[in-house]
Student: 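Dropping a structure here in structure tokens format, bear with me for questions.
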2 protein chains.
Amino acid sequence: MDEIERMADVFKLLGDKTRLTILALLNVKELCVCEIVDILMTSQPNISQHMRKLKDGGLVKESKKGQWVYYSLNINDKPYILDLFKQIPSQKERIEQLSCSDEECCN
Amino acid sequence: MDEIERMADVFKLLGDKTRLTILALLNVKELCVCEIVDILMTSQPNISQHMRKLKDGGLVKESKKGQWVYYSLNINDKPYILDLFKQIPSQKERIEQLSCSDEECCN
DNA sequence: TTATTATATAATCAATTAATTATATATGTA
DNA sequence: TACATATATAATTAATTGATTATATAATAA
């Protein structure tokens, strides 16, 4: 697989609104699956499957802490993605709203 | 549609190897449909339909010259795409090879 | 005018994909 | 131990998509 094809595969991952929003959220801070589920108001399997694609594509890495799996960005080896995330709309507010609600799934 | 969704739609366009290669070619110089067909060795309708998606997505613009339709990049309003194209593998060689062959469709 | 070349569009089909539903696994707690 | 919570995986389905084939349009050349 050549470099263009590799880049296309990365863009394919970015080309879904849910996944791009997840990445924008992780661009603020690492999050566990249940937090992402709460913020995006979708089902847990839906998020888990998107996380697997992002992990397989090398865009995120996971770290297990107790029963929670935290995901964080893993794009240091992809400078064109780094530049890109500087221009993505910040999701800071959505994450802060989550922290204020009583329905936090973890803490 | 919010900004994230708009960006995702752009990445969806970049997320196809054929289209990303077309854009990388246009990053060298404007080309007509038949040149792109020759370089990518695929069918004319295939390229025409990709060009339409790229045009609908605002990534390229066209200009008709006689019976030929030339396409060129139209990404000045998308800084994150501009940065990106600085890091895409150059397709200069493939375009030069085309010019050397006798089978040019236009000139 | 007729033929040729360049391009676009429409219809079809196979393959891919995102989301849902159901189930399994793993960790923590009573 | 039994139960609850967090996550992953598998199966299914509907929708989308890329490529092909066939056809239409437009410009040029004979």
Side-chain angles (χ1 to χ4, degrees), chain A residues 1 4-5 8-23 25-26 30-57 59-72 98 102-107, chain B residues 1 4-5 8-23 25-26 30-57 59-72 98 102-107:
Chain A
M1 192 168 64
I4 289 242
E5 195 165 359
D9 283 347
V10 170
F11 292 130
K12 205 170 289 178
L13 288 171
L14 305 187
D16 173 88
K17 186 190 180 180
T18 302
R19 276 193 301 267
L20 189 59
T21 308
I22 292 172
L23 293 171
L25 287 166
L26 298 183
E30 69 167 13
L31 294 168
C32 67
V33 174
C34 63
E35 289 173 316
I36 300 172
V37 168
D38 285 355
I39 295 172
L40 298 190
M41 292 188 298
T42 180
S43 70
Q44 173 269 314
N46 189 22
I47 296 300
S48 276
Q49 305 203 49
H50 281 305
M51 298 322 293
R52 188 147 85 98
K53 289 183 184 177
L54 291 172
K55 196 180 56 163
D56 288 351
L59 292 180
V60 305
K61 53 180 188 285
E62 65 178 42
S63 76
K64 195 156 193 172
K65 300 181 186 175
Q67 54 186 328
W68 294 280
V69 177
Y70 280 81
Y71 285 94
S72 56
L98 175 78
D102 295 339
E103 305 173 33
E104 281 178 75
C105 53
C106 54
N107 35 18
Chain B
M1 190 167 65
I4 289 242
E5 195 166 359
D9 283 346
V10 170
F11 291 132
K12 206 170 288 177
L13 288 170
L14 304 187
D16 173 88
K17 187 191 180 180
T18 301
R19 276 194 301 268
L20 189 60
T21 308
I22 291 172
L23 293 171
L25 287 166
L26 298 183
E30 69 166 14
L31 294 169
C32 67
V33 174
C34 62
E35 288 173 316
I36 300 171
V37 168
D38 284 356
I39 295 171
L40 298 189
M41 292 190 295
T42 178
S43 70
Q44 173 268 315
N46 189 22
I47 296 301
S48 275
Q49 305 202 48
H50 281 305
M51 298 321 294
R52 188 145 86 98
K53 289 183 184 178
L54 291 172
K55 196 178 57 163
D56 289 349
L59 292 180
V60 304
K61 53 179 189 286
E62 66 179 40
S63 76
K64 195 156 192 173
K65 299 182 187 176
Q67 54 186 329
W68 293 281
V69 177
Y70 281 81
Y71 286 94
S72 56
L98 175 78
D102 295 340
E103 304 173 34
E104 280 178 76
C105 53
C106 54
N107 36 15

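Each chain gets a letter, A, B and so on, in the order its sequence line appears, and its residues count up from 1.
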Student: Between A:Met51 and A:Leu26, is a side-chain contact (heavy atoms from CB on, under 4.5 Å) present by the stated rule, with each step listed?
Tutor: CA-CA 11 Å; A:Met51 298 322 293; A:Leu26 298 183; 4.2 Å; yes
Student: Considering just the side-chain nitrogens and oxygens of A:His50, establish if one lies under 4.0 Å of OP1 or OP2 belonging to C:dT17.
Tutor: no
Student: Roughly, in whole Å, what's the span from CG in B:Asp16 to C1' in C:dT16?
Tutor: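 The answer, rounded to whole Å, is 12 Å.
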Student: Taking CD from A:Glu35 and P from D:dA6, how many angstroms apart are they, rounded to a whole number?
Tutor: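 Going from CD in A:Glu35 over to P in D:dA6 covers 11 Å.
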Student: Does A:Tyr71 have any ring-ring contact (aromatic ring centres under 6.0 Å, His included) partners at least two apart in sequence or in another chain, and if so, which?
Tutor: none
Student: Of all of residues 41-48 of chain B, which get a heavy atom below 4.0 angstrom from DNA chain D, listed by number?
Tutor: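 Those residues are B:Thr42, B:Ser43, B:Pro45, B:Asn46.
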Student: Rounded off to whole Å, could you give me the NZ-to-C1' distance for the A:Lys12 and C:dA15 pair?
Tutor: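 Going from NZ in A:Lys12 over to C1' in C:dA15 covers 11 Å.
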Student: Whole-Å distance between D:dG18 P and A:Phe11 CZ?
Tutor: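 Atom-to-atom, A:Phe11 to D:dG18, this comes out as 16 Å.
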Student: Within this structure, what is the CE-to-P distance between A:Met51 and D:dA6, rounded to whole angstrom?
Tutor: 17 Å
Student: Nearest whole Å is fine: how far is C:dA18 P from A:Leu40 CG?
Tutor: 15 Å
Student: Using the test side-chain hydrogen bond (donor to acceptor under 3.5 Å, both in side chains), find all partners of A:Lys64 that sit at least two apart in sequence or belong to another chain.
Tutor: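 For A:Lys64, no residue satisfies side-chain hydrogen bond (donor to acceptor under 3.5 Å, both in side chains) once neighbours in sequence are set aside.
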Student: Does B:Arg19 place a side-chain N or O at less than 4.0 Å from the phosphate oxygens OP1/OP2 of D:dG18?
Tutor: yes
Student: Which heavy-atom pair separates A:Leu20 from A:Leu14 by the least distance, and what is that distance?
Tutor: CB-O, 3.6 Å
Student: NZ of A:Lys17 versus P of D:dA15: gap in Å, rounded?
Tutor: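 After rounding, the gap between these two atoms is 19 Å.
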Student: Quick check: on DNA chain C, is the nucleotide nearest B:Gln49 upstream (toward 5') of the one nearest B:Val33, or the reverse? Name the residue that is more 5'.
Tutor: B:Val33
Student: Return a single string for nucleotides 24-30 of chain D, one symbol per nucleotide in 5' to 3' order, where B is base contact, S is sugar-phosphate-only contact and - is none, cutoff 4.0 angstrom on heavy atoms.
Tutor: --SSS--
Student: Please report whether the SG atoms of A:Cys32 and A:Cys105 are separated by less than 2.5 angstrom.
Tutor: no
Student: Drop me the distance from A:Arg19's CZ to A:Lys12's NZ, to the nearest 0.5 angstrom.
Tutor: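 The CZ atom of A:Arg19 sits 10.0 Å away from the NZ atom of A:Lys12.
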Student: Provide, to the nearest angstrom, the distance between the CG atom belonging to A:Asp56 and the P atom belonging to C:dT17.
Tutor: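 Whole-Å distance recorded here is 12 Å.
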Student: Would you indicate whether the side-chain heavy atoms of B:Val60 and B:Leu23 approach each other to under 4.5 Å?
Tutor: yes
Student: If the helix axis at each end comes from five base pairs, how far does the helix from C:dT1-D:dA30 to C:dA30-D:dT1 deviate from straight, to 10°?
Tutor: 10°
Student: Look at the side-chain N and O atoms of B:Lys53 and state whether any lies under 4.0 Å from the OP1 or OP2 oxygen of D:dG18.
Tutor: yes
Student: Taking side chain to side chain contact (heavy atoms under 4.5 Å, CB included) as the test, write out the residues that go with B:Asp56, two or more places apart.
Tutor: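 Testing B:Asp56 for side chain to side chain contact (heavy atoms under 4.5 Å, CB included), a comparison that skips the adjacent residues, returns B:Arg52.
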Student: Would a 4.5 Å heavy-atom cut-off, applied to side chains only, mark B:His50 and B:Asp16 as touching?
Tutor: yes
Student: To the closest 0.5 Å, what do you measure between CD1 (B:Ile22) and CG (B:Leu40)?
Tutor: 6.0 Å
Student: Assign each of B:Cys34 and A:Thr18 to its nearest nucleotide of DNA chain C by heavy atoms, then name whichever residue's nucleotide is nearer the 5' end.
Tutor: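 Mapping each residue to its closest nucleotide by heavy atoms, the 5'-most match is B:Cys34.
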Student: When rounded to the nearest 0.5 angstrom, what is the spacing between CD1 in A:Ile39 and CG in A:Leu25?
Tutor: 5.0 Å
Student: Flag the pair B:Gln44 / B:Cys34 as yes when at least one side-chain heavy-atom distance between them is below 4.5 Å, and no otherwise.
Tutor: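 A side-chain contact is absent here, since even the closest heavy-atom pair is not under 4.5 Å.
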